[in-house]
There are 2 protein chains.
Amino acid sequence: MVSQTEENYLKALFHLTYEIGQKTEAGTNELAEFLEVKPASVNDMLKKLKEKDLVSYEKYGKITLTKKGKDIAVEIVRKHRLWETFLYKKMDFTWDEVHEVAEQLEHIKSQKLVKQLEIFLDFPEIDPHGDPIPNEKGEIKKLARISLSEVNVGNVCRLVAVKDGSVAFLQYVAKLGLDLNSKIKVISRLEFDGSIEIEVNNQRYTVSQKFGNNLFVV
Amino acid sequence: MVSQTEENYLKALFHLTYEIGQKTEAGTNELAEFLEVKPASVNDMLKKLKEKDLVSYEKYGKITLTKKGKDIAVEIVRKHRLWETFLYKKMDFTWDEVHEVAEQLEHIKSQKLVKQLEIFLDFPEIDPHGDPIPNEKGEIKKLARISLSEVNVGNVCRLVAVKDGSVAFLQYVAKLGLDLNSKIKVISRLEFDGSIEIEVNNQRYTVSQKFGNNLFVV
DNA sequence: TATAAAAGTTAGGCAAGACTAACAAAATAA
DNA sequence: TTATTTTGTTAGTCTTGCCTAACTTTTATA
């Protein structure tokens, strides 16, 4: 049996490696910071996860998910994103509200429920934040997307995902009138700080480079 | 904050008092047996619940839910039954499958989700087992119903609820071709052991008194 | 009413998951 | 290459929720 806490560690490892970085290993402090616990706690847990053959790591070495650990992590991600989609499409939740509740729902144990949920939602491929939903076999469709900061001046693009999922960030995104599939035109880019002038629904805004890094477009 | 375990204790107390018995108090051993833990554990928990003003009880005395405790218990029951209805009506779960998963879902913390779920299900009044679903204010509609054992010979009644929710029992009920709203005719009753002969869908069966006690009809 | 049975309580312990404080190893910089 | 900073580890402690074993109170029965 994998506890809820263990599931969260596996999910965090998955995010830090395969999702955020394009690496396959992570460090103790990095994981501790991400999970908002102390490194000592991570250490304790790593011993347990290693014992269960969910991660592989040696003292003072890097942490890697095993096949078994990765499979569980992907299944949690799958559930999380299906539930987010459910909340957004069927329960009238907004972009910024879905995450917190999905964090709870992702731990519900029922294979049948996940399967039925997927059918009910008509096999969605991306969640409300634009992230890909793994299928039942754990396969994740790679999305060809770039950050808004990389778009050339003059080009128009379509918002497909956001990187940072914090409520404050999502609310700011919404305030600009941006939603999934919104068209964004890049008007100009300031060389000295990388900030970008964009046009959304005929309104012009200037946003920071950091903000631009957090929006994925095609 | 009320932990998941605390919620389960409150719910159990509610069942043992207001629901199963027509009393307002329960004992330590009774609660322990219901929750499948040892009396000592119940004792520990009672101290905590008393501290939080969720139950009132004195050493060697009976346990009662406070207003605050009862409100929380009813809210959990409400969530449980709404989720059961959701699983049954939208997720293609059977009668006997819903309970286990609803036990998990009832602890999800989101007022908005409960509200939306209720709207989505079009304000159901009873769950798939025929039990009443408390409304947002915590009011529970009393159902005028009697057990099958109390029905007079020759009368026809309609199944509205089951008392025992165990999987084995529910599967037996289903095997007889019984479902919510099934018509049941009481053909005869054996005096010596109270067993009842019934007719369902033109099929005759003989069932025990105990079985009859577990079916509620109108 | 004395006594046995049932019900309830206490003390002490254990596992999970977190923490602090002190320490050890590795990586980086002088 | 030594010194310093960063990263990772260990030991000991805390809380929650459970346990067993021993004890006390209450209730039921002879």
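Computed from a predicted model, the values in this text were never measured in an experiment. Quick note on labels: first sequence line is chain A, next is B, and so on, each numbered from 1.
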Results of ring-ring contact (aromatic ring centres under 6.0 Å, His included) for Tyr172(B) - residues two or more places apart only: Phe211(B)
Nucleotide dG8(C), atom C1' - distance to OH of Tyr60(B) in whole Å: 6 Å
Residues in side chain to side chain contact (heavy atoms under 4.5 Å, CB included) contact with Asn135(B), at least two apart in sequence or another chain: Lys137(B), Glu139(B)
Spacing between Lys62(B) atom NZ and dT26(D) atom C1', to the nearest angstrom: 10 Å
Separation of atom CD in Glu58(A) from atom P in dT9(D), rounded to whole Å: 10 Å
Distance under 6.0 Å and angle within 45° of ring axis: Lys112(B) vs Phe93(A): yes
Enumerate the protein-to-nucleotides 2-5 of chain C contacts in which both atoms are nitrogen or oxygen and the separation is below 3.5 Å.
none

Shortest non-hydrogen separation from Pro132(B) to Ile140(B) and the atoms involved: CG-CG2, 3.6 Å
DNA chain D-proximal residues of residues 39-46 of chain A, any heavy atom under 4.0 Å: Pro39(A), Ala40(A), Asn43(A)
Asp127(A) and His80(A) side chains, donor-acceptor separation under 3.5 Å: no
Of the listed nucleotides dT9(C), dT10(D), dC19(D), the one nearest the side chain of Tyr57(B): dT9(C)
Closest contact, heavy atoms only, Leu117(B) versus Phe86(B): CD1-CD1, 3.9 Å
Near-strand residues of residues 24-34 of chain B, defined as heavy-atom separation under 4.0 angstrom from DNA chain D: none
Heavy atoms from other residues, nucleotides or ligands near NZ of Lys109(A) exceed 12 (cutoff 6.0 Å): yes
d(CD, Glu6(B); P, dT15(D)) in whole Å: 15 Å
N or O in side chain of Lys38(A) less than 4.0 angstrom from dA21(C) OP1/OP2: no
Integer-rounded Å distance: dT15(D) C1' and Met1(B) CE: 17 Å
Any donor-acceptor pair under 3.5 Å from Ser208(A) side chain to Ser195(A) backbone: no
Test item: Lys90(A) and Gln116(B) side chains (from C-beta on) under 4.5 Å apart, heavy atoms: no
Partner set under side chain to side chain contact (heavy atoms under 4.5 Å, CB included) for Asn29(B), not counting sequence neighbours: Pro39(B)
Over 12 foreign heavy atoms within 6.0 Å of NZ, Lys52(B): yes
